[in-house]
Amino acid sequence: MHRVLLDEAVAVGDYLEMASERVTPDRRRRGEEYLRVEWVEHIARPPFLDPASKQVRTRFAARDVVVAVLCEGMPGAVLLRGGDHHVETAVDRARQTWDAGRPSWPVRREPLFVGGEVPRHRHGDRARLEADADEDDEDSEEPTHRSAVPVRRRRAAAFTKAAGEVMVGDYVQIHAERFPAEDMGVDEGFHRVEWAGHLPPEHASGLLADPAWTRGVVTVLSVHGLPGMLVLPESDVRVLVQPNPERSAADQNERWHDGPVYELTGMTTPGPDTLRKEDAARRPPAPADEAGLYPSMFPDPHHRALHLNGTAGVRPVAATELPWPHSLFKCPHADRAKALARTYPDTPGTAQAAHAELFTQLRPEEFAACPYHQADDWEAIAGAVLAHAEAEQAGDDDRAEELFAMEHLSERDRTWARRMIADHLWWDEGQTRITNGQHRVCAMRAAGVSALPVYGRYLPGQAPVAATDAKGHARQAVTAFWTDHLTALWGPGSWRRRLGPALARYPFLRGFLPRGDRQ
């Protein structure tokens with residue numbers, strides 16, 4: 001069971017969530033995200049934060065408290081981000097005993113960080129500040145039980161490098177061992193570095209009060225899945241030789257950090273060319289069977305290619321590439337769509353086929369009854385949004401600002417366009433449903449827009465799909481649904497191809513289908 005605590009409520013003995021979101025084909029292990037806290041200190045108005053920083057988190061923390069922790073199995077200390085954190089409240093007693101008897105850090109008597117103080121509360125103190133003191137977090141995903149986890153042959157290969165040589169993209173070991181060790185996943189404990197910085201000794205002494213930690217360059221890292229900044233002394237760490245490419249793509253697509261968690265005085269960014277040379281000299285070749293540790297999570301080759309090589313952004317998409325709506329709940333004709341859906345079988349795609357059929361039936365004045373269809377010029381709106389996205393994605397901020405004015409649009413259309421910039425039409429290539437923007441897609445279809453500005457993940461270089469009349473495309477979608485449904489029920493045959501269009505054109509014929517073939 002999970003509980004939410006404020007950062008200042010974290011205490012020694014808590015099992016704090018410190019290694020989240022491992023994407024893996026061998027399933028997450030029970031409790032792998034949670035590490036036992038062995039030391040806590042509070043740093044009020046941290047003196048080591050850069051006073052010139054414009055980062056909101058750093059500026060706020062400079063007037064508040066930053067909590068630092070040392071956890072079981074981690075290679076360094078963590079400066080936690082402010083706010084809520086998750087702790088596990090149902091840890092196996094055997095693991096608790098094992099962790100308590102094998103501490104990773106020597107007993108401390110003095111703070112590790114400059115300005116740090118040991119908090120007065122201890123584990124189990126009833127006065128601890130809890131964001132959710134009365135109830136466990138029921139929305140948290142339950143970890144996978146060991147009985148459901150396949151047996152692995154071996155763990156992923158790793159090698160040792162100096163902390164100061166760690167670079168963005170490395171999968172560094174932020175948790176060395178968990179009880180029971182034989183249960184650990186293939187690449188459990190290793191997480192992707194998203195940003196790396198260095199503090200030379202003259203500035204490290206402004207961060208760390210312990211001379212043993214300031215004997216050289218201190219490395220600070222932002223790591224995927226870690227809710228804070230990892231602070232490493234001049235020591236060695238373990239890094240994966242060949243990370244799972246599907247996990248790496250997922251981690252880069254769902255980044256946790258765009259830079260340092262906090263900006264520290266004197267912090268520098270190491271040169272990537274130097275780090276790459278050091279890495280090339282040190283990284284061993286991967287074992288011949290390394291790729292075999294990671295069976296693909298994608299049975300469909302296109303989805304795997306999209307995951308590995310796709311890019312995310314706004315691009316022009318023909319309406320015929322997009323799925324039909326599955327729930328136009330704000331549409332004044334929603335009841336008609338539901339009535340049509342009741343003439344369909346209860347199978348995947350029913351709602352979308354019914355909405356396509358509704359589209360073929362609506363007259364211009366019926367479309368106009370919906371506020372989404374009351375723009376002055378949807379084609380111009382789409383063009384303005386695409387032009388702005390092109391400038392923004394090219395990094396041309398001045399041009400993007402100029403295009404955001406949209407003075408050529410009417411006031412009403414300018415509102416629609418700016419809303420679309422802030423609240424994208426969202427669809428990843430190959431998805432069977434539109435993620436966001438169904439009503440606006442419907443409005444642009446009805447207006448005959450040739451290229452819609454859609455945000456999502458896609459494979460660059462794909463040949464554009466030719467525009468098709470929207471109502472013609474809707475009729476094709478309904479016909480295809482019925483033809484495919486009959487083929488799935490009774491097998492292929494030329495008469496299915498003839499009956500499918502008839503069922504699409506004459507809804508009353510659907511009543512002659514066996515009852516089990518309809519809702």
Side-chain angles (χ1 to χ4, degrees), residues 1-24 28-42 57 66-92 95-96 98-100 102-105 112-113 119 123 131 137 140-144 163 166 170-179 181 183-185 187-195 219-233 237-240 247 251 254-257 260-262:
M1 301 294 288
H2 308 156
R3 178 160 287 181
V4 179
L5 298 181
L6 296 173
D7 56 324
E8 292 181 59
V10 172
V12 171
D14 281 334
Y15 276 78
L16 186 63
E17 187 176 38
M18 297 291 276
S20 303
E21 297 190 4
R22 181 173 68 99
V23 175
T24 173
R28 292 187 298 110
R29 265 49 181 173
R30 182 179 182 182
E32 70 171 71
E33 307 98 323
Y34 297 91
L35 314 183
R36 186 179 188 275
V37 177
E38 296 185 354
W39 172 261
V40 178
E41 61 186 78
H42 293 178
R57 185 186 296 110
V66 170
V67 176
V69 296
L70 291 170
C71 291
E72 170 267 324
M74 296 195 72
V78 179
L79 296 172
L80 295 177
R81 56 158 176 73
D84 292 344
H85 291 265
H86 286 83
V87 296
E88 174 62 68
T89 59
V91 180
D92 290 346
R95 180 179 179 183
Q96 293 183 52
W98 190 84
D99 288 342
R102 294 168 53 98
S104 300
W105 299 99
L112 175 61
F113 290 90
H123 186 64
D137 182 6
S140 298
E141 181 183 353
E142 286 296 324
T144 303
V166 172
D170 276 341
Y171 274 75
V172 67
Q173 189 174 39
I174 65 170
H175 186 216
E177 195 171 16
R178 175 183 56 77
F179 177 85
D183 175 64
M184 293 185 72
D187 56 0
E188 180 183 337
F190 291 88
H191 288 254
R192 187 178 187 274
V193 174
E194 298 183 324
W195 180 88
T219 300
V220 287
L221 304 175
S222 296
V223 181
H224 185 89
L226 182 69
M229 173 178 278
L230 182 60
V231 180
L232 299 172
V237 293
R238 298 283 288 169
V239 174
L240 287 183
R247 178 185 179 185
D251 291 348
E254 300 290 339
R255 290 173 57 87
W256 272 49
H257 312 282
V261 176
Y262 297 111

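Note that the structure is predicted; figures quoted are calculated from it, not measured.
The heavy-atom pair separating Ser222 from Pro260 by the smallest distance is OG-CA, 3.5 Å. Minimum interatomic distance between Ala19 and Ile174 (heavy atoms only, all atoms of both residues): CB-CD1, 4.2 Å. Considering all non-hydrogen atoms of both residues, Cys71 and Ser104 come closest at O-CB, 4.5 Å. Minimum interatomic distance between Ala163 and Pro233 (heavy atoms only, all atoms of both residues): CB-O, 3.8 Å. Shown here for His42 and Val67, the closest heavy-atom pair between the two residues is CD2-CG2, 3.7 Å. The shortest non-hydrogen separation linking Trp105 to Glu38 is N-OE1, 3.0 Å.
Looking only at distances, no side-chain donor or acceptor of Glu72 sits under 3.5 Å from a matching main-chain atom of Asp99. A donor-acceptor pair is defined here as one N or O able to donate and one able to accept, closer than 3.5 Å; no such pair exists between the side chain of Arg178 and the backbone of Glu188. For Arg81 (side chain) and Val261 (main-chain N/O), no donor-acceptor pair under 3.5 Å exists by modelled atom type. Glu21 places no side-chain N or O within 3.5 Å of a backbone atom of His224 that could act as its donor or acceptor partner. Proximity of a side-chain donor or acceptor of Glu88 to a complementary backbone N or O of Gly31 within less than 3.5 Å is not detected. Without hydrogens or angle criteria, His175 side chain to Glu177 main chain gives a donor-acceptor distance under 3.5 Å.
With contacts defined as side-chain heavy-atom distances shorter than 4.5 Å, the pair Glu32/Thr24 does not qualify. Annotation: side chain of Val220 is not in contact with side chain of Leu230 (no heavy-atom distance under 4.5 Å). Considering only heavy atoms from C-beta on, Phe179 stays 4.5 Å or farther from Arg102 through its side chain. In this structure the side chain of Arg247 reaches within 4.5 angstrom of the side chain of Arg22, judged on heavy atoms. Residues Val40 and Asp14 are not in side-chain contact: their nearest non-hydrogen atoms beyond the backbone lie 4.5 Å or more apart. Using a 4.5 Å heavy-atom threshold, the side chains of Arg192 and Trp256 count as separate. Between Tyr262 and Leu79, some side-chain heavy-atom pair lies under the 4.5 Å cut-off. Side-chain atoms of Glu8 and Leu80, non-hydrogen and from C-beta on, never get closer than 4.5 Å to each other.
Taking the six-membered ring for Trp and thresholds of 30 and 60 degrees, His2 and His86 have ring planes more than 60 degrees apart, a perpendicular arrangement.
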Residue pair Asp84, Leu5: steps toward the side-chain contact (heavy atoms from CB on, under 4.5 Å) verdict: CA-CA 5 Å; Asp84 292 344; Leu5 298 181; over 6 Å; no

Verdict with reasoning, Met18 to Leu226, per side-chain contact (heavy atoms from CB on, under 4.5 Å): CA-CA 5 Å; Met18 297 291 276; Leu226 182 69; 4.0 Å; yes

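With rounding to the nearest 0.5 Å, the separation of CE in Met74 from CZ in Arg36 is 15.0 Å. Residue Glu194 holds its CD atom at 7.5 Å from CG of Asp251, rounded to the nearest 0.5 Å.
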